[in-house]
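Report on the structure given below.
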Amino acid sequence: MPELPEVETVRKGLAPVFADNRIAHVHLARPNLRFEFSEGFVETLNGALVVHLGRRAKYLLFELDNGQTLLSHLGMSGSFLALAPGEPEPEGRKSKHDHVVFELQDGSRVLYNDPRRFGFMLLFATEGLENSKFLKDLGPEPVGNELSAAGLFQKMQRRTGPVKTALLDQKLIAGLGNIYVCEALFRAKIHPQTRCCDLSELQATVLVRHIRDVIRQAIEVGGSTLNDFSAADGALGYFQHRFEVYDRAGDPCLAAKCTGMIARIVQAGRSSFYCPVCQNTEN
DNA sequence: CAAAGCTCCTGACCGC
DNA sequence: TGCGGTCAGGAGCTTT
């Protein structure tokens with residue numbers, strides 16, 4: 001599922017496609033994804049130029065030259081596929097869930113595919129976009145200057161819930177999802193059930209460092225898959241990445257000299273993967 | 001406030 | 001081979 005690094009990779013992949021390349025025509029295969037498309041969706045996009053393709057948390061922001069911005073979220077299963085002018089779709093590709101098609105001025109096509117339809121695309125006036133309900137309460141970007149260990153520690157002290165659940169709260173840090181939260185906690189050697197208020201300032205500092213590292217590295221990996229241009233079926237949205245704990249229940253811990261076995265528990269309805277030996281509460 | 005529950009949706013997986 | 005049942009999971013919204 002796309003998290004911040006994947007979305008950033010999509011952004012980097014799509015930016016050159018839309019650059020100086022007006023949207024000629026948009027086609028919707030259905031009236032909605034997670035939400036109904038904005039009123040006038042097609043009309044607003046037809047003929048528009050994307051003057052800037054940005055990102056905030058896991059949201060892609062297509063800023064148009066007509067005062068509107070297309071805000072897009074990939075949900076769990078959304079992906080984009082960019083096809084050069086005249087380029088056919090990859091063989092064997094499932095087009096059943098291509099819900100949005102962008103035809104560009106130069107003949108390129110950008111397909112948005114989303115089997116589960118947890119994703120969405122909505123239009124907002126560019127002015128005041130930051131006050132939309134999707135963006136207004138977002139916390140700092142994990143790989144930005146605003147994310148400080150001191151600030152996180154302060155907020156953690158007021159929380160009694162488990163650190164794992166808190167890190168998924170977009171108000172605390174924007175853009176972290178289940179996978180990278182598990183990975184960051186593993187690297188920081190913090191048990192996912194640790195109560196936020198029980199974290200020491202040192203632990204908060206170490207945690208912030210690992211959050212930044214794991215996200216930054218994942219973005220680098222995503223960038224390299226872009227260069228390879230060999231992503232399975234060419235879809236932008238996913239790339240191969242080896243995770244140390246995520247989805248590795250029952251497998252050996254990869255930490256040096258550790259004999260632990262990765263465990264899986266459920267917190268707030270979501271899987272948490274961790275090493276009971278490395279991520280010991282008593283640490 | 002924080003925290004937990006609900007909701008959307010489909011493909012994958014499992015047992016029969 | 002096919003059919004039901006179960007489940008994951010981002011995040012806004014609602015409720016406690």
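Nothing here was measured: the structure is a model prediction, and the numbers come from that model. Numbers restart at 1 for each chain; the letters A, B, ... are given by sequence-line order, proteins then strands.
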What one should report as the nearest heavy-atom pair of E8(A) and R11(A) is OE2-NH2, 2.8 Å

To the nearest angstrom, the CG-P distance between N178(A) and dG9(C) comes to 5 Å

Rounded to whole Å, CD of E6(A) lies from C1' of dG9(C) at a distance of 14 Å

The answer to which of R158(A) and G269(A) contacts DNA chain B further toward the 5' end, by nearest nucleotide, is R158(A)

Does the side chain of H97(A) get closer than 4.0 angstrom to OP1 or OP2 of dG11(B) through an N or O atom?
yes

Here the distance between atom C1' of dG10(C) and atom CD1 of I179(A), to the nearest Å, is 12 Å

From the list K164(A), E183(A), E3(A), side-chain hydrogen bond (donor to acceptor under 3.5 Å, both in side chains) with N178(A) holds only for K164(A)

When rounded to whole Å, the CG to P distance for the pair D247(A) and dC7(C) reads 17 Å

May I ask you to say what G161(A) touches in the nucleic acid, namely base, sugar-phosphate or nothing, with a heavy-atom cut-off under 4.0 Å?
sugar-phosphate

Worksheet item: For dA2(B), does either OP1 or OP2 sit under 4.0 Å from a side-chain N or O belonging to K155(A)?
Response: no

dA3(B) OP1/OP2 closer than 4.0 Å to side-chain N/O of T165(A)
no

**Asked** Hey, is the main chain of V214(A) close enough, under 3.5 Å, to the side chain of Q217(A) for a donor-acceptor pair?
**Response** no

Within the distance-only criterion (no hydrogens, no angle test), does the side chain of E201(A) pair as donor or acceptor with the backbone N or O of A150(A) below 3.5 angstrom? no

Practice item. Using a 4.0 Å heavy-atom cut-off across all strands, classify F120(A) as base, sugar-phosphate, or nothing. Key: nothing

Q | F120(A) ring center near F134(A) ring center (under 6.0 Å) | A | yes

Which of dA8(C), dC9(B), dG9(C) is nearest the side chain of M76(A)? It is dG9(C)

Hey, does the side chain of K58(A) come within less than 4.0 Å of dA11(C)'s phosphate (OP1/OP2), counting only N and O?
-> yes

Evaluate the salt bridge (Lys or Arg N to Asp or Glu O under 4.0 Å) criterion for residues D213(A) and R216(A): first the C-alpha distance (whole Å), next the side-chain angles of each, then the deciding distance (0.1 Å), finally the verdict. CA-CA 5 Å; D213(A) 286 354; R216(A) 203 178 282 141; 3.7 Å; yes

Using a distance-only criterion (donor-acceptor N/O pair, under 3.5 Å, no hydrogens), is the base of dG10(C) paired with the side chain of R270(A)? yes

R117(A) has its side chain closest, among dC9(B), dG10(C), dG11(B), to dC9(B)

At under 4.0 Å between heavy atoms, what does F134(A) touch on the DNA or RNA strands: base, sugar-phosphate, or nothing?
-> sugar-phosphate

Of dG9(C), dG10(C), dG12(C), the nucleotide closest to the side chain of E3(A) is dG10(C)

### Task
With heavy atoms under 4.0 Å as the rule, sort Y246(A) into base, sugar-phosphate or nothing.
sugar-phosphate

Taken to the nearest whole Å, CG/D169(A) to C1'/dA11(C) is 10 Å

note: L122(A), atom CG; dA11(C), atom C1'; distance rounded to Å ~ 13 Å

note: R264(A), atom CZ; dC7(C), atom C1'; distance rounded to Å ~ 9 Å

note: H73(A), atom NE2; dG10(C), atom C1'; distance rounded to Å ~ 6 Å

query = Hey, does K96(A) reach any base, or is it just sugar-phosphate, or nothing, if we go heavy atoms under 4.0 Å?
reply = sugar-phosphate

Which of dA2(B), dG9(C), dA11(C) is nearest the side chain of F118(A)? It is dG9(C)

| query | Would you say a side-chain N or O of R34(A) is under 4.0 Å from OP1 or OP2 of dC9(B)? | reply | no

